[in-house]
Amino acid sequence: MSGRVTYVGHATALIELAGVRLITDPLLRERFMHVPRHTEVPDPSIAADIDAVLISHLHADHLDPASLRMVGRDVPLIVPDRGGPTLRRRGFGDVTELAPGASTTVGGLTVTATTAVHDARRYKFGRHIPALGYLVESPERRVYFAGDTDLFDEMDELAGVDVALLPIAGWGPRVSEGHLDPERAAEAAAIIRPRIVIPIHWGTFLSRKLLRKIPDALTAAPREFAHELEERAPGVELRVLDPGQSLEL
């Protein structure tokens, strides 16, 4: 059975495998906090008939309760260990918490939480709740969604996935420790050696002040990533999807 991956924008992707629809870190509104969206708001069909939501961590640009309500309060949420109370307090009842290495099933898919190196406190002085990536497996396909992370020791355990969704940029003036920039994302691709890599976390949200200062700030990261990938992992196929575009697997 074929599949499809749609880059919705930022860290939001729609993964369709074996008849199951998973959405990652849904951020479907015109802005979060003070940061505006620079692409069209996703079509409502993106959030329809979702079988489960994968939440990588609790930062505002990855856990957006208003967007989750668009998906539906009754849709199962898969979240990091100890992240459940934050969702339950907001009225979401079907919450599964996973620690790195733990798995659950959604339809015919296995969803396994992976390590992520990222300070995932929702607020600056909040309690520590781990960040995650997710490995989604059907009998025919393996898709890795990295969430927000830096390079980590166990990354080589993901070697040989069919598709890797790797973040390459951010929404502010710089990409800090705990994230992948184009160079480190290319290093990650060299370690994982996916058949296809799709860059995410770019081209969607950006402060207007930064965009005025750097006119190509929305689009520069994929070009830099392509250059770095050719240097570090030339055998990996790069598929750059603009927000809203899909790749048939």
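Note that the numbering runs from 1 along the sequence shown for the chain.
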**Q** Got a sec: does the CG of D74 have more than 12 other heavy atoms crowding it under 6.0 Å?
**A** no
**Q** Going by an N to O cut-off under 4.0 Å, is there a salt bridge joining R21 and E16?
**A** yes
**Q** Using modelled atom types and a 3.5 Å cut-off, is there a donor and acceptor pairing between side-chain atoms of S56 and backbone atoms of G133?
**A**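 No, because the side chain of S56 does not come within donor-acceptor range (under 3.5 Å) of the backbone of G133.
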**Q** Quick one: pull up CZ in F205 and NE2 in H34 and give me the separation to the nearest 0.5 Å.
**A** 12.0 Å
**Q** Please report whether the ring centroid of Y134 lies less than 6.0 Å from that of Y144.
**A**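 Ring centroids of Y144 and Y134 are no less than 6.0 Å from each other.
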**Q** Measure the shortest side-chain to side-chain distance between R29 and V41 over non-hydrogen atoms and say whether it is less than 4.5 angstrom.
**A**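 Side-chain contact under 4.5 Å: no.
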**Q** Check for a donor-acceptor pair, side chain of D94 on one end and backbone N or O of V75 on the other, with a separation under 3.5 Å.
**A** no
**Q** Tell me, with the steps shown, if R223 and E228 meet salt bridge (Lys or Arg N to Asp or Glu O under 4.0 Å).
**A** CA-CA 9 Å; R223 294 194 298 272; E228 298 290 347; over 6 Å; no
**Q** Of all residues at least two apart in sequence or in a different chain, which pass the side-chain contact (heavy atoms from CB on, under 4.5 Å) check with A169?
**A** W202, A221
**Q** On a heavy-atom basis, which atom in P199 and which in L238 lie closest, and how many Å separate them?
**A** CD-CD1, 3.7 Å
**Q** Taking atom types as modelled, is there a side-chain donor on H10 or D25 under 3.5 Å from an acceptor on the other?
**A**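 Checked: H10/D25 side chains show no N/O donor-acceptor pair below 3.5 Å.
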**Q** Out of V71, V20, L22, which residue meets the side chain to side chain contact (heavy atoms under 4.5 Å, CB included) rule with I50?
**A** V71
**Q** Within the distance-only criterion (no hydrogens, no angle test), does the side chain of R90 pair as donor or acceptor with the backbone N or O of T86 below 3.5 angstrom?
**A** yes
**Q** Of all the heavy-atom pairs spanning P222 and I168, show the shortest one and how long it is.
**A**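 Closest approach of P222 to I168, heavy atoms only: N-CD1, 3.6 Å.
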**Q** Does any non-hydrogen side-chain atom of V106 lie less than 4.5 Å from one of I78?
**A** yes
**Q** Output the distance between atom CG (L98) and atom CG (L132), rounded to the nearest 0.5 Å.
**A** 7.0 Å
**Q** For T114 and P100, work out which heavy atoms get closest and say how close.
**A** C-CB, 4.3 Å
**Q** Can you tell me which residue among R195, R141, R239 is in a salt bridge (charged side-chain N to carboxylate O under 4.0 Å, His left out) with D162?
**A**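 Result for salt bridge (charged side-chain N to carboxylate O under 4.0 Å, His left out) with D162: R195.
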**Q** Applying side chain to side chain contact (heavy atoms under 4.5 Å, CB included), run through V5 and L165 and close with a yes or a no.
**A** CA-CA 9 Å; V5 174; L165 302 168; 3.9 Å; yes
**Q** Does D156 CG have over 12 foreign heavy atoms under 6.0 Å away?
**A** yes
**Q** Is it the case that the side chain of D242 and the backbone of Q245 share a donor-acceptor pair, with hydrogens and angles ignored and the cut-off at 3.5 Å?
**A**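 Answer holds: no.
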**Q** If you define the side chain from C-beta out and look only at heavy atoms, does anything of L54 sit under 4.5 Å from V111?
**A**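 With C-beta onward as the side chain, the pair touches.
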**Q** Run the side chain to side chain contact (heavy atoms under 4.5 Å, CB included) check on V53 and L68 step by step: do they pass?
**A** CA-CA 8 Å; V53 177; L68 289 177; 3.9 Å; yes
**Q** Are the side chains of D81 and I129 in touch, meaning some heavy atoms are under 4.5 Å apart?
**A** no
**Q** Measure across G147 and P167 and return the closest heavy-atom pair with its distance rounded to 0.1 Å.
**A** O-CG, 3.2 Å
**Q** How many angstroms lie between atom CD of E183 and atom CD of E231, to the nearest 0.5 angstrom?
**A**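 Reported value, rounded in 0.5 Å steps: 10.5 Å.
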**Q** So V95 and R88, do their side chains get closer than 4.5 Å, heavy atoms only?
**A**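 Answer yes - side chains close enough.
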**Q** So for atom CD, which belongs to E248, do other residues, nucleotides or ligands contribute more than 12 heavy atoms lying within a distance under 6.0 Å?
**A** yes
**Q** Between H57 and P130 (side chain of the first, backbone of the second, donor and acceptor by atom type, cut-off under 3.5 Å), is there such a pair?
**A**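 Not at all, since once roles are kept as given, no pair shorter than 3.5 Å links the two residues.
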**Q** Is the backbone N or O of T6 less than 3.5 Å from a side-chain atom of S246, with the two atoms forming a donor-acceptor pair by type?
**A**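 Checking the backbone N and O of T6 against the side chain of S246, no donor-acceptor pair under 3.5 Å is found.
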**Q** Mind listing the closest non-hydrogen atom pair of D64 and P26 along with its distance?
**A** CB-O, 3.9 Å
**Q** Using the benzene-type ring in the case of Trp, are the ring centres of H118 and H62 under 6.0 Å apart?
**A** no
**Q** Please check: side-chain N/O of E97 versus main-chain N/O of V79, any donor-acceptor pairing under 3.5 Å?
**A** no
**Q** Using the side-chain hydrogen bond (donor to acceptor under 3.5 Å, both in side chains) rule, take H201 and D148 through it: C-alpha gap first, then chi angles, then the decisive distance, then the call.
**A** CA-CA 9 Å; H201 216 294; D148 268 356; 3.2 Å; yes
**Q** For the atom pair CD (E187) and CD1 (I191), what is the distance rounded to the nearest 0.5 Å?
**A**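 Answer rounded to 0.5 Å: 7.0 Å.
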**Q** Rounded to the nearest 0.5 Å, how far apart are CG of L247 and CG of L241?
**A** 6.0 Å
**Q** When you compare the side chain of S138 with that of V143, does any pair of heavy atoms fall below 4.5 Å?
**A** no
**Q** Which heavy atom of T39 sits nearest to which heavy atom of G203, and what is that distance?
**A** CG2-O, 3.3 Å
**Q** I'd like to know if the side chain of D43 reaches the main chain of I46, judged simply by a donor and an acceptor atom lying under 3.5 Å from each other, with no hydrogens or angles considered.
**A** no
**Q** Are the side chain of T24 and the backbone of A11 linked by a donor-acceptor contact shorter than 3.5 Å?
**A**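 Checking the backbone N and O of A11 against the side chain of T24, a donor-acceptor pair under 3.5 Å is found.
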**Q** Donor-acceptor check, side chain of R142 to backbone of V163, threshold 3.5 angstrom: yes or no?
**A**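 No, because the side chain of R142 does not come within donor-acceptor range (under 3.5 Å) of the backbone of V163.
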**Q** Could you tell me whether the side chain of M70 reaches within less than 4.5 Å of the side chain of P44, counting heavy atoms only?
**A** no
**Q** As an exercise, state the distance from CG of L135 to OG1 of T110, rounded to the nearest 0.5 Å.
**A**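 One gets 9.0 Å once the value is rounded to the nearest 0.5 Å.
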**Q** Can you find a pair of side-chain heavy atoms, one from L180 and one from L151, that are under 4.5 Å apart?
**A**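 With C-beta onward as the side chain, the pair touches.
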**Q** Take V161 and I192 through the side chain to side chain contact (heavy atoms under 4.5 Å, CB included) test and state the conclusion after the steps.
**A** CA-CA 7 Å; V161 299; I192 299 169; 3.8 Å; yes
